[in-house]
Amino acid sequence: MRLILLGPPGAGKGTQAERLVARHGIPQLSTGDMLRGAVAEGTAVGKRAKAVMDSGGLVSDDIVNEIVSERIDQPDCERGFILDGFPRTVPQAEALSRMLDGKGMKLDAVIELRVDEDALVERIEKRAAETRAAGREVRADDNADAFRKRLQEYRAKTAPLSEYYAGTGELVTVDGMADIDAVTASIDEIVTSAATNS
Ligand code: AMP
């Protein structure tokens, strides 16, 4: 099962991806997590990505395309994977399509979480407060300024992916404002139907 989760920052992609991992035993490939890992380890990629990530901008397509391509080749991706935070631009989606073709793989579904953007700033502030209360470190880009920039980047560069995947016939949308369990149930339905059709 190869899935893409689409939606703006704070839409709940990470939470839903974690549930899919637990239920279907396939890994979540979050380019944000991979990049934060590279920053923490101080790798060459991490050094190039850090400043742009902290400000809420997008890391270059070349960097993310390469880390995804390498990650997909790992043995734990043989049965499938959930892409969370990638692709984020139409050129990344085109690169992904070429990449999967080259590896003899195909996507099963692209699931978009549709949310009310006004509610997102509130969600992100809540996420930061909960993380702080749990004694964990808050992401450098989980603050109002960086979040607004991430949302702007989303509108300008990522939102066009809905149209792109509607065009390929792979897009399915889910109401991301419903409660978390209801969103999970809708996603499960999509995944079950994609599995029967594949
Ligand atoms: P996320 O955890 O998905 O919100 O990603 C955090 C940050 O990592 C983003 O604001 C970007 O700076 C960077 N990033 C993650 N995925 C991508 C991607 N596919 N393309 C470009 N930048 C990305």
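Index from 1, following the sequence. Everything numeric here is computed off the predicted structure, so don't read it as measured data. Whatever order the structure lists them in is the order used to number ligands and atoms, beginning at 1.
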Query - Shortest protein contact, atom 15 (C) of ligand 1 (heavy atom only) - result: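 Residue, atom and distance for the closest contact: R88 NH1, 3.3 Å.
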
**Report entry** Closest approach of any protein heavy atom to atom 22 (N) of ligand 1, naming residue and atom
**Finding:**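 Answer for atom 22 (N) of ligand 1: V59 N, 3.1 Å.
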
At a non-hydrogen distance cut-off of under 4.0 Å, which region of [X] contacts ligand 1 (side chain, backbone, both, or neither)?
{"X": "R139", "value": "side chain"}
{"X": "T89", "value": "neither"}
{"X": "M53", "value": "both"}

Report task. Compare all side-chain heavy atoms of K103 with those of D73 and state whether any distance is below 4.5 angstrom. Result ->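 They are in side-chain contact.
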
Report task. Pull out every atom of ligand 1 sitting under 4.0 Å from any heavy atom of Q92, numbered as shown with elements. Result ->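 Reading through ligand 1 atom by atom, the close ones are 18 (C), 19 (N), 20 (N), 21 (C).
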
Query raised in the report: Which atoms from ligand 1 have a heavy atom of R150 less than 4.0 Å away?
Result: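 It comes down to these atoms of ligand 1: 4 (O), 10 (O).
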
Report task. Before giving the answer on side-chain hydrogen bond (donor to acceptor under 3.5 Å, both in side chains), spell out for T184 and Q16 the whole-Å C-alpha distance, their side-chain angles and the decisive distance to 0.1 Å. Result -> CA-CA 6 Å; T184 305; Q16 295 300 332; 2.8 Å; yes

Can you tell me how far the [atom1] atom of [X] sits from the [atom2] atom of [Y], to the nearest 0.5 Å?
{"X": "R98", "Y": "S69", "atom1": "CZ", "atom2": "OG", "value": "11.5 Å"}
{"X": "T89", "Y": "N65", "atom1": "OG1", "atom2": "CG", "value": "7.0 Å"}
{"X": "I187", "Y": "R19", "atom1": "CD1", "atom2": "CZ", "value": "9.5 Å"}

Report task. Would you tell me whether K13 and S30 have side-chain atoms, one donor and one acceptor, within less than 3.5 Å of each other? Result ->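 Their side chains do not contain a donor-acceptor pair, so the 3.5 Å distance test is not met.
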
Query raised in the report: Considering the options L161, V174, T173, L83, which one meets the side-chain contact (heavy atoms from CB on, under 4.5 Å) requirement together with L6?
Result: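 Exactly one option meets the side-chain contact (heavy atoms from CB on, under 4.5 Å) with L6, and it is L161.
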
Report task. May I ask whether G57 has any heavy atom positioned less than 4.0 angstrom from an atom of ligand 1? Result ->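 G57: in contact with ligand 1 (<4.0 Å).
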
**Report entry** Test item, R36 contacting ligand 1 (heavy atom, 4.0 angstrom)
**Finding:**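 Yes, R36 has heavy atoms under 4.0 Å from ligand 1.
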
Requested in this report: Tell me, with the steps shown, if Y164 and V110 meet side-chain contact (heavy atoms from CB on, under 4.5 Å).
Outcome: CA-CA 11 Å; Y164 176 88; V110 179; over 6 Å; no

Query - A51, G32, G85: member with heavy atom nearest to atom 19 (N) of ligand 1 - result: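 Checking each option, the heavy atom nearest atom 19 (N) of ligand 1 is found in G85.
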
Query raised in the report: If you measure from atom 13 (C) of ligand 1 to every heavy atom of L35, T31, V39, which option wins on shortest distance?
Result: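 Considering heavy atoms of L35, T31, V39, the nearest to atom 13 (C) of ligand 1 sits in L35.
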
